[in-house]
Engineer: 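This structure is in structure tokens; I'll ask about it shortly.
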Amino acid sequence: MTESIENKILAKIKKNRRGRIFFVDDFIAVAMAKTVNKTLERLATKGELTRIARGIYTRPEMSKLLGQPLTPSTEVIAKAIAKRDRARILPTGTYALNMLGLSTQVPMNVVYLTDGAARKIQLGKRSILFKKTTPKNLAVEGELTGLAIQALRVLEKDKVTPEQEAKIIEFLKKEKPEVLERDIALAPEWIRQIMRKALPEKP
DNA sequence: CGCGATAATTCTCGTTCTCC
DNA sequence: GGAGAACGAGAATTATCGCG
């Protein structure tokens, strides 16, 4: 039973569900990085894998109905990359607005803030842009507050409509008050003022 | 299939420019 | 004056080609 590297890798891949994302690092224990790369590349040629970007592969989630491979969502990819880099990411730009329900548009170009490296990933006609930012921006404890801050930054000061503000405040109320209170300190001044409105009334 | 070499793309780091 | 964001250059990693 010759355990070829390819078999080992393939077996490992097949243990996971489709749609999962793999990195070279996932198989570093099986063989040298170079060899792993080669193997993944060959598997990609065979159609077992799809190459999303450099060093990032996924199992093509074939739609049996349409017979065409489904591209993983940008969110899945972004999170996978963040995990690999042990970096924290935060959706921003129009995407943040979308997640908050302030916009129904799903942008083609998704922008994430990261404390890792800035990079750009092309996904066919879509793209993910990782923007380097200061740790401060990512230090937020609550994911909700982080989203809210980013959304507000996109809307720009003085351009936030009362409706948008109300919606964000409503959203922030779902966050734990303690977390919210702490994260307020990390926001730009003008955003703090809005965030404070989401805090419970104080005696 | 596995390995080495070459070319392309990406990552990291430092500096500069702008805004607050 | 201080901080944050953007840009550019070099270094490293990855993709592709060819061979045993």
Side-chain angles (χ1 to χ4, degrees), chain A residues 1-14 21-60 69 71-72 74 77-96 109-140 145-160 183-196:
Chain A
M1 200 68 100
T2 307
E3 286 275 308
S4 71
I5 293 175
E6 181 167 332
N7 280 332
K8 279 185 183 175
I9 290 178
L10 197 56
K12 205 166 178 180
I13 288 171
K14 287 193 170 170
I21 292 173
F22 298 97
F23 303 100
V24 179
D25 293 350
D26 290 329
F27 308 103
I28 212 73
V30 178
M32 289 182 296
K34 280 184 182 178
T35 311
V36 174
N37 267 312
K38 292 274 313 166
T39 309
L40 289 177
E41 178 211 333
R42 283 201 172 114
L43 289 174
T45 310
K46 285 185 191 171
E48 295 283 348
L49 289 173
T50 298
R51 191 170 66 84
I52 296 174
R54 277 222 151 198
I56 305 172
Y57 293 84
T58 188
R59 202 74 192 298
T71 317
T74 51
I77 296 170
K79 282 185 178 171
I81 293 171
K83 189 181 175 188
R84 180 191 64 167
D85 292 353
R86 288 183 196 78
R88 170 109 198 224
I89 59 169
L90 203 55
T92 188
T94 316
Y95 196 50
N109 300 320
V110 179
V111 183
Y112 281 89
L113 289 182
T114 179
D115 58 357
R119 71 185 126 201
K120 191 176 175 186
I121 293 168
Q122 281 293 341
L123 298 164
K125 50 186 178 180
R126 289 180 301 173
S127 73
I128 302 178
L129 181 63
F130 286 92
K131 259 186 166 181
K132 168 108 175 151
T133 191
T134 43
K136 187 182 172 185
N137 279 328
L138 293 153
V140 290
T145 41
L147 270 175
I149 292 173
Q150 292 313 317
L152 284 167
R153 295 183 81 156
V154 176
L155 294 172
E156 291 180 39
K157 189 182 179 182
D158 301 329
K159 286 186 184 173
V160 185
D183 288 348
I184 282 178
L186 303 169
E189 193 51 44
W190 67 274
I191 291 180
R192 286 182 194 165
Q193 293 174 16
I194 294 173
M195 290 177 77
R196 284 203 188 92

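Sequence lines set the chain letters: A, B, ... in the order given, protein chains first and strands last, and positions in each chain run from 1. FYI, side chains are in, hydrogens and waters are out, and symmetry mates aren't considered; it's all heavy atoms of this structure.
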Engineer: For a quick test of reading the model: is some side-chain N or O of Arg51(A) closer than 4.0 Å to OP1 or OP2 of dT9(B)?
Structural biologist: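 Answer no for this pair, as no side-chain N or O of Arg51(A) is under 4.0 Å from OP1 or OP2.
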Engineer: Any chance you could measure Ile191(A), atom CD1, to Thr145(A), atom OG1, to the nearest 0.5 Å?
Structural biologist: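 Ile191(A) atom CD1 to Thr145(A) atom OG1 measures 11.5 Å (nearest 0.5 Å).
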Engineer: Phe27(A) CZ to dT14(C) P: how many Å, rounded?
Structural biologist: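 From Phe27(A) CZ to dT14(C) P: 14 Å.
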Engineer: Give the rounded distance in Å between these two atoms: CD of Glu41(A) and C1' of dG18(C).
Structural biologist: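 One finds 12 Å between C1' of dG18(C) and CD of Glu41(A), rounded.
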Engineer: Between Arg84(A) and Arg42(A), just flag the one whose closest nucleotide in DNA chain C comes earlier from the 5' side.
Structural biologist: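 By nearest-heavy-atom nucleotide position, the 5'-most residue is Arg84(A).
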Engineer: Roughly, in whole Å, what's the span from CD1 in Ile56(A) to C1' in dT9(B)?
Structural biologist: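 Going from Ile56(A) (CD1) to dT9(B) (C1'), I get 12 Å.
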Engineer: Rounded to whole angstroms, how far apart are CG on Leu40(A) and P on dT16(C)?
Structural biologist: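 So the two atoms are 12 Å apart, to the nearest Å.
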Engineer: Knowing that exactly one of Ile21(A), Ile56(A), Ile52(A) qualifies, which makes a side-chain contact (heavy atoms from CB on, under 4.5 Å) with Ile81(A)?
Structural biologist: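 Going through the options one by one, the only one that passes is Ile56(A).
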Engineer: In this structure, how many angstroms lie between the P atom of dC3(B) and the NZ atom of Lys34(A), rounded?
Structural biologist: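 My rounded result for the distance is 11 Å.
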Engineer: For a quick check, with a 4.0 angstrom heavy-atom cut-off, what is the B/S/- contact string for nucleotides 12-20 of chain B, read 5' to 3'?
Structural biologist: B--------
Engineer: Would you say that Thr74(A) contacts Tyr95(A) through its side chain, given a criterion of any heavy-atom pair below 4.5 Å between the two side chains?
Structural biologist: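 Yes, their side chains come closer than 4.5 Å.
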Engineer: When you get a sec, tell me which of dA15(C), dA5(C), dT16(C) is the closest nucleotide to the side chain of Arg153(A)?
Structural biologist: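 That would be dA5(C).
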Engineer: Roughly how many Å is it from CG in Leu186(A) to C1' in dA3(C), rounded to a whole number?
Structural biologist: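 One finds 15 Å between C1' of dA3(C) and CG of Leu186(A), rounded.
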Engineer: Verify the contact: side-chain N or O of Thr133(A) to OP1 or OP2 of dA5(C), cut-off strictly under 4.0 Å; return yes or no.
Structural biologist: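 Yes, such a contact exists.
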Engineer: Using OP1 and OP2 only, check whether a side-chain N or O of Lys131(A) sits under 4.0 Å from dA6(C).
Structural biologist: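 Indeed, a polar side-chain atom of Lys131(A) lies that close.
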Engineer: For a side-chain contact (heavy atoms from CB on, under 4.5 Å) with Arg192(A), tell me which candidate from Ile184(A), Leu186(A), Asp183(A) qualifies.
Structural biologist: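 Going through Ile184(A), Leu186(A), Asp183(A) one by one, the side-chain contact (heavy atoms from CB on, under 4.5 Å) with Arg192(A) is satisfied by Ile184(A) alone.
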Engineer: How close or far is atom C1' of dT14(C) from atom NZ of Lys38(A), stated in whole angstroms?
Structural biologist: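 Computing the Lys38(A):NZ to dT14(C):C1' distance gives 11 Å.
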Engineer: With a 4.0 Å cutoff (strictly under), does any side-chain N or O of Tyr57(A) reach OP1 or OP2 of dA15(C)?
Structural biologist: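 Checking Tyr57(A) against dA15(C): at least one side-chain N or O falls below 4.0 Å of OP1 or OP2.
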